[in-house]
Amino acid sequence: MGQQTQTTPTKKTHQTLVFAVNGERFELSGLDPSTTLLEFLRSQTSFKSVKLGCGEGGCGACLVLLSKYDPVQDKVDDFTVSSCLTLLCSVNGCSITTAEGVGNSKDGFHPIQERFSGFHASQCGYCTPGMCVSLYSALINADKTDRTGLRPGFSKLTVSEAEKSIAGNLCRCTGYRPLVDACKSFAADVDMEDLGFNSFWKKGESEDIKLSRLPPYNCNNAIRVFPEFLKTVIKAGFNLESEGCRWYSPGSLEQLQSLLQTDEVNDGTSMKIVVGNTGMGYYKELGHHNKYIDLRYIPELSIISKDQTGIKIGASVTISKAIEALKDENEGGINQEGMLVFEKLADHMERVATGFVRNSASIGGNLIMAQRKHFPSDISTILLSVDTMVDILTGHRHETITLEEFLGRPPLVSNSVLLGIKIPCWKSRRDISSKTYTKLLYETYRAAPRPIGNALPYLNAAFLAEVSLCKKSAGVVLNNCRLAFGAYGTKHSIRARNVEEFLSAKLLNFGVIYEAIKLLESTIIPEEGTSSPAYRTSLAVGFLFEFLSPLMNSCTDISKLWFDGYNSDLLSNGSKIKQNCDQFNQIKSPTLLSSAKQVIQLNEDYHPVGEPLTKVGAIIQASGEAVYVDDIPSPRNCLHGAFIYSTEPLARVQGIKFKPGSSPHGVSTVISFKDIPGENIGAQTIFGSESLYADELTQCAGQRIALVVADTQKNADMAANLAVVDYDKKNLEPILSVEEAFEKCSFFEVPHFLNPEPVGAFSKGMAESDHQILSAELKLGSQYYFYMETQTALAVPDEDNCIVVYSSCQCPEFAHDTIAKCLGVPSHNVRVITRRVGGGFGGKAIKAIPVATACALAAYKLHRPVRMYVNRKTDMIMAGGRHPMKITYSVGFKSNGKITALKLDILVDAGMSADISPVMPHNIIGSLKKYDWGALAFDIKVCKTNLPSRSAMRAPGEVQASFIAEAIIEHVASSLALEVDSVRSINLHKFETLKLFFKTCAGEPLEYTLPSIWDKLAVSSNFYRRTEMLKEFNRCNKWQKRGISRIPIVHPVMLRATPGKVSILRDGSIVVEVGGIELGQGLWTKVKQMTAYALSLIQSAGTEELLEKVRVIQADTLSLIQGGFTSGSTTSESSCEAVRLCCNILVERLTALKERLEEQMGPVKWETLILQAYMISVNLSANSLYVPDFSSMQYLNYGAAVSEVEINLLTGQTTILQTDIIYDCGQSLNPAVDLGQIEGAFVQGIGFFMLEEYPTNSKGLVVAEGTWSYKIPTVDTVPKKFNVEILNSGHHKDRVLSSKASGEPPLKLAASIHCAIRAAIKEARQQLHSWGGLDESYSTFQLQVPATMPVVKELCGHENVQRFLQWTIGSKQLDSAGGTV
């Protein structure tokens, strides 16, 4: 590969930085030390596969493989790192491999990339390169091991390792199942039958055939060759000075001390000590540092040594290396009990952050953050529990203190350095003469939204205890213990010493445990302002109870526990302690996905339409070669923008300035509404417009006020953070809730044609009812899109007052019109281009337009290209997201559960501008009509508030309506004490009532497939048998409860007018343009199939190979007009129909020529036909605008789901055990694409119903910041078993080739998870009632959305352990008194 050398002017250069990227040498002699590896790769190289998803190390989109050569051992260490956190200066002598280096279109794709494509594991594709790098690293490191007995064609990876290889990577599209299958296909112990639907083999083929069709993998060729030229690079670090910034790599403590002492007497220079720089992901840097000190080359800080007294770990040792050392059984002669403690510490560390963060983050850095900044550290808690010692160097003074003392001291001063830690080797004190058996017990705990990591805990704990079993006494004495707790809303981890002292030398019984727990409750008290304080305290209680409760069993059970171990298989299945251990271990060691089945019926009537072809572009998405907007190389003199937004909900903007004393680097200008030559418009819909920038008055917290324009995106972002807005709030009262909006009559008008009609007479239906529920209330919050690619645009000035804008937008036509109005130019002066979007879900529709418009305005004003990639925090603040709402309902029903009347009063929070919010009443009622309510009345108000304007999000209003419907059904069933499934069944539509509720789109009776789906799902999912098994499980398990639920959906959709254009080029290849945008939903794939099918009707020789001749190209608003919106699930089929119309025109034009040629020369090849057509000037380009017929533009989609969950009553954690879905796709245009849409939509719904909290402060400003606090589903939170059947329900003459939509409706089925959680909670509350913890109304409760761990735990009882102990103690007292219980 070629050599590249880059030099920038510096005052003084000490040394050059040498490294390799994909084998290419880079040598840099001057750079800003704050430059990250990601910034360098994206701005200075052609390798764009590394994506900026979060900037926090929390998503995996930016992953690279970093390889280091060790000349002493002559081996290479390969591991993944987050390039968004890794400083470029820290990769000296390293080799970097990106997804392009794993495989690419020029040198050949890697089997990883081919399998990701073949298993349909890439949709929008933005996360796919990072996924590939994660798996690549796992394969390389597994194949370095000495594992034997390999199966040919497989790696040395295990299924468990394969699953976990992508556990830290986020994906918003796929639902993870196909990703995991692609990874597992490399595992040596995989059962090929467990691998899901793919393009390599067909169901029922033998394992040999399956293996032969997989892209071959040879582990002998897997290990990447480390570049020879790097082996000679000095590994002692390097020093750099550039533009007043310095990077130092001291090689000794003396050099470090000298640097720190120099810093003490300097003139305020900002210093940063660096190892992995992962702390930057949590504590964002808002300013520049002048001095960087890299600690990794100081031997004393990199030491790992183990002997019989314990293990020493240097402060700069990474968490991953510490885990390896703790698990290494071959060194130090550690006793068995000590080794057990080390292994438990390592197991807990593996649930801290993600693998790629642990590979960089240091043990010392974690502890320093905990000590100086009160970071909620797991590592400080677990190390505190084992009496860890720390070594500190301050100046020339060296001291060794306990970790507890270290954490309790004032923040460490800047000239102090943590050198390392010493974890002692533990063993119990055995007194042979004593009449007791002594044992050491150690456990660690954490409760977090994600079971296996990548989430901060609500609380963590670690307990070390020495206990004795008396030979004569039937009990256990707790000799001494160490109880550590942390991350619960306290400054640092603590020891619960009062509880330790109380338990010391106690003979354990339920009374002692109860008293210890009461003492613990008064100890673990979160600081004021901590979220869910009661929940966190209850976690501490639950964990201590879980630790001690196995010791409270029969003497026989305890003896077996003693001699065979805590988790011994020798414990009898019937023993209480065995059940207890099993219950707790189920949650403590969660497995990932089990086998799943996908049932797909293929349609061959319109080949290749109906074939499960791989998604167009999937392979180049996997290699990172697919180009997104931010991947387009920056034009010369390009500037970058960042928004300044309001932090007040309603205020007059008096002025903008930068913080006193700050000097933003590289700022060119600040653009506000005063600089707009045309209209102050940032977005528009048929319902109205939204300002680009606030004028004198800001309407919400998060509204755009101005744009900072600077030379780099980093400088623009930093400058925006330094901006100070002067507000005047006098006599201004913001509306911050729908209740306030209702009181002040602040509403948006809903056009008459969008106002749904009521059904039947509500008063009559109520009069017919036997029972009524009046004025019950529900509330629903918002949800953030969390597309992996945030909002982005690039605007380039063109000749003659024109401008070209590249936008990641779902509706380029609307962006085009808005830009023209804002600039005050004719529309033909503007061109908007969109190739692909890195995830949209509605958030790249209206919300993308202001970003494109802001870039266009800045470029127009400055006569220079301007681009913007909105950082995740700002994106979250401005996005608006899903519509919150308040619902009040009254319902009448018969004693058998048949509902006779329903009335709804709904207040929808639309925010400050209309956006698409006036469609909400139509969407809500359309989705709510899935049940026969008898009579349906409603009053829906679209409220105008001083909050960010809400916009469409996948199934807007419809997913909320699905929840509302199920909540009402659940309430009715609860009030009648009926099985909720029977109430659902009795309220399903007959076709007659379906016609009544859906007058214009019910279709024909044969099209109403829901009743057959409902019954078929009960059989295929074993619903009734599992329901009975679940009841038995709940009877036998105190601390886990299960719930199951089956729900239906009826989802109306509407087709819209969509343009298309098909052109046949001279060589016979075909280029297609459509109005629809490729978001990851497979639109291009279906369009390509439709083009090949429709043109094949010419029946020329070779047309069976047309598919490979078709290319769908980017949307261009001057090339194809009237593109409209890509939304509502129907754009793919509308685009297909538009293309079919074009092809029909072309076939008609070519038919006469073909017939003449056939008469002359017999069968005519496609290429010959086209060449002849060119020669006689046949027009081979056709445009069309598909306008759906009014009578068939709406239709209904049907589906049903069964979900089963298990909740942990001590933590509130929910595990989704299984989900079964049957969904009617009509005649699927591409079953592989539709399957991905179904699974992905459902998992996004899991996020809404279980995980995703989108909170704001009292001013309405979003406070959820990125991946640290906003938790979308991950591979460990999706259904363990996920079965999907796509029902091909027959021909629908009014549909596009009889197809139906799949993008949004399945999301609503995720309400089945919420209902199943509610069922499990009901079982828990019934048990709590039996313990005296709840009154007779225990079965009536509301489960809010999302049903997070704190929410579930609260409903199960914060004090359920205490109630159980009280009940148990009372029962024993009655037994001893001769009573009965």
What's the separation between atom CZ in R882 and atom CD in Q783, rounded to the nearest 0.5 Å?
4.5 Å
Strictly below 4.0 Å, N to O, side chains only: are E966 and R984 in salt-bridge contact?
yes
Stepwise ring-ring contact (aromatic ring centres under 6.0 Å, His included) check, H989 with F997:
CA-CA 9 Å; H989 282 291; F997 277 69; 4.9 Å; yes
Take V891 and H971 through the test side-chain contact (heavy atoms from CB on, under 4.5 Å) and record every step on the way to the result.
CA-CA 10 Å; V891 59; H971 198 168; over 6 Å; no
Looking only at heavy atoms, what is the nearest atom pair of I1047 and C1315, with distance?
CG2-SG, 4.3 Å
Among side-chain atoms of H771 and S975, is any donor-acceptor pair under 3.5 angstrom?
no
Would you check if F1282 and I1221 make a side-chain contact, meaning some heavy-atom pair closer than 4.5 Å?
yes
Sub-4.5 Å side-chain heavy-atom contact between S917 and V908:
no
Using every non-hydrogen atom in the two residues, find where A1018 and Y1024 come nearest and quote the distance to one decimal.
CB-CE1, 3.8 Å
Side-chain ion pair, R1025 and E1028, N-O less than 4.0 Å
no
Do the two ring centres, one from Y1198 and one from Y1008, sit under 6.0 Å apart?
yes
Quick check: are there more than 12 heavy atoms from other residues, nucleotides or ligands sitting under 6.0 Å from NZ of K744?
yes
Between S1337 and D1335, does any side-chain donor sit less than 3.5 Å from a side-chain acceptor?
yes
Would D1294 and S1192 count as a side chain to side chain donor-acceptor pair (under 3.5 Å) if you check the C-alpha gap in whole Å, the side-chain angles of each, and the deciding distance to 0.1 Å?
CA-CA 6 Å; D1294 295 329; S1192 61; 4.8 Å; no
Side-chain donor-acceptor contact under 3.5 Å, S1203 with T1219
yes
What I want to find out is whether K898 reaches D932 closely enough, with some N-O distance under 4.0 Å, to be called a salt bridge.
yes
When you measure from the side chain of T1027 to the backbone N and O of F1023, does any donor-acceptor pair fall under 3.5 Å?
yes
Check the pair K894, E768 against salt bridge (Lys or Arg N to Asp or Glu O under 4.0 Å), reporting the backbone distance first and the verdict last.
CA-CA 8 Å; K894 297 285 191 179; E768 293 172 354; 6.0 Å; no
Using a strict threshold of under 4.0 Å (side-chain N to carboxylate O), is an ion pair present between E1285 and K597?
no
Taking all non-hydrogen atoms of both residues into account, name the closest pair between M885 and I924 and its distance.
CE-CD1, 3.8 Å
Any Lys/Arg nitrogen of E739 or K779 sitting under 4.0 Å from an Asp/Glu carboxylate oxygen of the other?
yes
Sub-3.5 Å donor-acceptor pair from the side chain of S982 to the main-chain atoms of E979, do we have one?
yes
May I ask you to test the I906-K886 pair for a side-chain heavy-atom distance under 4.5 Å?
no
Going by atom types alone, do S1129 and E1304 pair a side-chain donor with an acceptor below 3.5 Å?
yes
Under 6.0 Å from the ring centre and within 45 degrees of the ring axis: does the NZ or CZ of K929 meet both conditions for the six-membered ring of F998?
yes
Kindly determine whether S1339 and K1322 satisfy side chain to side chain donor-acceptor pair (under 3.5 Å), including the steps that lead there.
CA-CA 6 Å; S1339 63; K1322 183 179 177 182; 5.8 Å; no
Is a side-chain donor-acceptor pair under 3.5 Å present for K1353 with T1211?
no
Run the side-chain contact (heavy atoms from CB on, under 4.5 Å) check on L904 and L928 step by step: do they pass?
CA-CA 10 Å; L904 296 154; L928 195 83; 2.8 Å; yes
Working to the nearest 0.5 angstrom, can you tell me the gap between S737 OG and E743 CD?
7.5 Å
Fit a plane to each ring of W933 and Y931, take the angle between them on a 0 to 90° scale, and name the class: parallel (under 30°), tilted (30 to 60°) or perpendicular (over 60°).
perpendicular
Donor-acceptor contact present, side-chain R1363 to main-chain S1330, <3.5 Å
no
Taking side chain as C-beta onward, heavy atoms only, is V1050 less than 4.5 Å from N1197?
no
Identify whether the distance between the nearest side-chain nitrogen and carboxylate oxygen of K1041 and E1206 falls below 4.0 Å.
no
Could you walk me through whether Y1223 and S1302 pass the side-chain contact (heavy atoms from CB on, under 4.5 Å) check?
CA-CA 8 Å; Y1223 183 74; S1302 63; 4.2 Å; yes
Check whether any side-chain heavy atom of D909 sits under 4.5 Å from a side-chain heavy atom of L947, and report yes or no.
yes
H883 side chain to V942 backbone, donor-acceptor under 3.5 Å
no
Between D1224 and K1300, is the side-chain contact (heavy atoms from CB on, under 4.5 Å) condition met? List the steps.
CA-CA 8 Å; D1224 181 358; K1300 299 182 81 171; 3.9 Å; yes
Look at D1220 together with R1026 and state whether they make a salt bridge at an N to O cut-off of under 4.0 Å.
yes
Considering all heavy atoms of both residues, which atom of L978 and which atom of S895 are nearest to each other, and what is their separation?
CD1-O, 3.8 Å
Taking all heavy atoms of M1250 and all of I1216, pick out the closest pair and write down the distance.
SD-CD1, 3.6 Å
Over all atoms of both residues, closest heavy-atom pair of F1242 and P1279:
CE2-CG, 4.2 Å
Side chain to side chain, Q1218 and N1283, heavy atoms closer than 4.5 Å:
yes
F1248/F963 aromatic ring centres below 6.0 Å:
no
Short N-O contact, E1323 and R1042, less than 4.0 angstrom
no
Looking at E1239 and R177, is any side-chain nitrogen of the basic one under 4.0 Å from a carboxylate oxygen of the acidic one?
yes
Is the count of non-hydrogen atoms from other residues, nucleotides or ligands lying under 6.0 Å from F742 atom CZ greater than 12?
no
Whether W1367 and W1331 hold their rings parallel, tilted or perpendicular, with breakpoints at 30° and 60°
tilted
Counting heavy atoms not belonging to L774, are there more than 12 under 6.0 Å from its CG?
yes
So, N1037 side chain and W1039 main chain: donor-acceptor pair closer than 3.5 Å or not?
no
